[in-house]
Structure formats: structure tokens, C-alpha cells
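Structure, as C-alpha cells:
Counting convention: from 1, in listed order, for ligands and their atoms alike.
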Amino acid sequence: MKTEPRKLAMITGASSGIGFELARVFAKNNYDLIINSSSNSLMDKVDELKDLGVEVTGVIADLATREGAEELYMKANYAGRPIDVLVLNAGVAVGGEFLENDFEDELNLMNLNMVYLVYLAKKVMKDMAQRNEGKVLFTSSIAAEMPGPYYATYAASKSFVQSFAEAIRYEMKDTGRNITVTALQPGPTDTNFFERGNMEHTMVGESDSKDDPAQVAQDGYEALMKGKDHVIGGSIKNSIQAAAAKVMSEKQRASIHGNMTKPDSMKQ
Ligand SMILES: NC(=O)c1ccc[n+]([C@@H]2O[C@H](COP(=O)([O-])OP(=O)(O)OC[C@H]3O[C@@H](n4cnc5c(N)ncnc54)[C@H](OP(=O)(O)O)[C@@H]3O)[C@@H](O)[C@H]2O)c1
């Protein structure tokens with residue numbers, strides 16, 4: 001009996017957290033994988049994912065740089081297989097007061113979360129357009145729905161991703177292209193994100209009710225497969241928070257969000 005060839009998904013930021021769990025969901029659903037992150041720890045994950053019975057290629061590349069983004073795109077295309085699903089998930093936060101934070105860290109954030117995300121989306125979606133087929137998942141955030149004091153550039157970057165995803169989704173439909181675009185909006189999720197972003201000593205960083213990244217990834221996968229525009233990942237409280245944010249003033253949203261992200265907010 002002839003079996004269908006496996007499809008291929010490319011996932012950025014897949015060495016840990018939500019990205020790794022997304023890679024696991026795709027592998028369990030019989031996708032071959034190209035996974036990326038910027039550190040050597042990625043290669044341990046390649047081996048772990050191969051145990052699920054699919055082909056896995058790891059590409060270590062820094063997606064906060066143009067060279068890194070180009071390298072990932074080139075290596076992904078080397079085997080000549082089309083990318084059926086693109087998951088742009090890699091992202092970092094920079095916690096703390098804007099006036100105290102280092103601009104180089106913020107530049108790294110903006111390059112990774114926005115600039116080279118746009119670059120990779122453009123390169124891969126042009127290829128998808130040639131075949132008139134493809135699916136794209138962006139890891140956005142519920143932080144996209146509100147200003148984010150004490151990680152201002154991060155929340156702004158996620159508003160950018162959310163708006164960008166919704167806009168190009170519309171364009172794909174409006175121009176009759178068979179490419180779907182979905183935004184995954186997690187709430188606080190139990191990953192390395194807070195420690196890496198210098199946010200572990202905040203109310204949100206120390207909260208013990210964060211979501212399981214495996215559940216968030218499953219929610220993202222299902223929404224992508226259904227061709228939904230967006231999904232609030234994780235527990236119901238995130239959906240309630242996102243809905244409440246829509247009816248609050250900008251000032252109220254900033255105040256509530258800022259209480260959760262203020263450095264040492266647990267001590268107050
Ligand atoms: N955790 C949350 O509460 C939360 C909530 C909403 C949205 N999100 C979003 O979810 C996404 C995944 O974050 P996470 O929570 O899973 O955190 P995480 O565990 O820290 O994962 C971040 C991933 O991005 C990779 N990465 C970081 N810098 C990179 C670079 N310059 N080039 C390539 N890869 C890079 C990391 O790998 P290396 O260190 O190996 O490079 C890692 O694989 C991010 O976009 C984040 O904004 C997270």
C-alpha cells in the first residue's frame with residue numbers, strides 16, 4: 001500500500017518552551033521537522049524528536065541577525081523540499097524600566113521578534129504562494145492586546161506581530177491565495193521566558209498558575225489546522241483577560257498589566 005509522503009514544518013525557537021512543544025505536536029502528527037534556535041542545546045532536542053519517528057533537521061542560527069535568518073532559509077531549502085508549515089515562534093522579552101534597560105538588548109528583541117520574523121515570513125510565504133499552498137503560525141501573545149509597562153518593547157513587539165499576522169491573513173484571502181495565517185496568543189506560560197527576560201522577580205514571573213507549554217502548543221496546532229485567525233492559548237483565564245482588555249481604557253490596561261510586570265512587584 002502506498003503511503004502519503006510526510007509534510008514538512010519549520011519551527012523557530014524550538015529548543016525549549018512553547019517552540020519545543022510545538023515541534024513535539026507536529027512530530028506526533030507525522031510531520032518532518034526543521035527546527036531552529038541560536039544555541040547548541042537545539043541538537044539534544046533534534047535527537048529527542050527523532051525518537052518520535054520523523055526526520056528532524058536542526059539549524060542553529062541567530063534569528064536576531066540577517067545572516068542568521070538567511071542561513072536558516074538557505075539550509076531549509078537545501079534539501080529541495082517545500083515547507084508546508086512555517087511556525088515563527090522564537091521570541092524574547094526584556095524586562096525592567098525602559099530608562100534602565102540596555103538598548104542593545106532591546107535591539108536584539110526588536111530584530112528577533114519583528115524584523116527577521118517579517119523577513120522569514122516573506123521568504124517562505126513567497127515559496128508557498130508559488131505552490132499556492134501553506135500554513136503559517138505566529139507566536140504572538142495576549143500582551144499584544146495591551147500596553148506592557150516594564151517590558152514595553154516586548155508588548156509593543158507582540159502588538160506588531162498580531163497586527164502583522166491579521167493583516168497578511170486578510171491579504172492572503174483577499175488575493176485568493178491558499179495560505180492561512182494564524183496567531184497563537186499565549187498567556188503566562190511555564191517556560192524559560194521570564195528568567196531569560198529578567199522578569200523572574202515580578203508578580204507574573206513568580207506566579208505558580210502559569211500554563212503548561214504543551215497545552216499552549218496543542219491549542220496553537222489545532223487552531224492552525226482549522227485555519228483560524230487566532231487562538232488564545234492555555235487556560236480559560238487568558239481568554240477572560242483578553243476579552244476584558246478589549247473593553248478597558250488604555251490606561252486601565254496599562255495599569256493592570258504593569259502591576260504584573262513591575263520589577264519586585266511580589267514584595268509590595
Ligand atoms: N512564556 C510565556 O509566558 C509567553 C507568553 C506569551 C508569548 N510567549 C512567546 O512564546 C514564544 C516562545 O517563548 P517561550 O515562552 O517558549 O520561551 P523560551 O523557553 O525562552 O523559548 C524561546 C525560544 O527562542 C529561542 N531563541 C531566543 N533567541 C533566539 C535567537 N536570537 N535566534 C533564534 N532563536 C532564539 C530560544 O532558543 P536558544 O536560547 O537556543 O536560542 C528558545 O528556543 C516567544 O515568542 C514568546 O514571546 C511566551
- Query: Is it true that Phe193 and Tyr154 have ring centroids separated by less than 6.0 Å?
  - Reply: yes
- Message: Just checking Phe194 against His201, ring centres under 6.0 Å apart?
- Response: no
Return the closest protein heavy atom for [atom] as residue, atom name and distance.
atom: atom 22 (C) of ligand 1; result: Gly91 O, 3.9 Å
atom: atom 19 (O) of ligand 1; result: Ser16 OG, 2.8 Å
atom: atom 9 (C) of ligand 1; result: Thr139 CG2, 3.6 Å
atom: atom 14 (P) of ligand 1; result: Thr191 OG1, 3.4 Å
atom: atom 8 (N) of ligand 1; result: Tyr154 OH, 3.6 Å
atom: atom 41 (O) of ligand 1; result: Ser38 OG, 2.5 Å
atom: atom 43 (O) of ligand 1; result: Ser15 OG, 2.8 Å
atom: atom 31 (N) of ligand 1; result: Asp62 OD1, 2.8 Å

- Task: State whether the number of non-hydrogen atoms from other residues, nucleotides or ligands found under 6.0 Å of Glu195 atom CD is greater than 12.
- Result: no
Among the heavy atoms of [X], does any lie under 4.0 Å from an atom of ligand 1?
X: Phe20; answer: no
X: Lys158; answer: yes
X: Ser140; answer: yes

Do you know the tightest heavy-atom contact between [X] and [Y]?
X: Ala155; Y: Met146; answer: CB-O, 3.9 Å
X: Leu33; Y: Ala23; answer: CD1-O, 3.6 Å
X: Ile35; Y: Ala14; answer: CB-CB, 3.7 Å

Sub-3.5 Å N/O-N/O distance, [X] and ligand 1:
X: Arg196; result: yes
X: Thr189; result: yes
X: Gly19; result: no
X: Ile18; result: yes
X: Leu63; result: yes

- Item | Charged N-O contact under 4.0 Å between Arg253 and Glu145 | no
- Message: Could you check whether Arg169 pairs with Asp229 (Lys NZ or Arg NE/NH1/NH2 to Asp/Glu carboxylate O, under 4.0 Å)?
- Response: no
- Task: Check each heavy atom of Asn192 against ligand 1 and say whether those closer than 4.0 Å belong to the side chain, the backbone, both or neither.
- Result: both
- Under 4.0 Å, heavy atoms only, figure out whether ligand 1 is touched by the backbone of Ala143, its side chain, both or neither. neither
- Message: I'd like to check Glu222 versus Lys228 (side-chain heavy atoms, cut-off strictly below 4.5 Å). Are they in contact?
- Response: no
Any idea which atoms of ligand 1 are less than 4.0 Å away from a heavy-atom of [X]?
X: Asn36; result: 33 (C), 34 (N)
X: Ala14; result: 43 (O)
X: Phe194; result: 3 (O)

Look up atom [atom1] in [X] and atom [atom2] in [Y], then write down how far apart they are to the nearest 0.5 Å.
X: Leu224; Y: Leu137; atom1: CG; atom2: CG; value: 5.0 Å
X: Lys122; Y: Leu117; atom1: NZ; atom2: CG; value: 12.0 Å
X: Glu67; Y: Tyr116; atom1: CD; atom2: OH; value: 7.0 Å
X: Asp51; Y: Glu48; atom1: CG; atom2: CD; value: 7.5 Å
X: Ile142; Y: Ile232; atom1: CD1; atom2: CD1; value: 6.5 Å

Just going by heavy-atom distances, which of [options] is nearest to [atom]?
atom: atom 4 (C) of ligand 1; options: Ser141, Pro188, Gly187, Ala90; value: Gly187
atom: atom 44 (C) of ligand 1; options: Val216, Asn89, Thr12; value: Asn89
atom: atom 33 (C) of ligand 1; options: Gly17, Gly13, Ala144, Ala61; value: Ala61

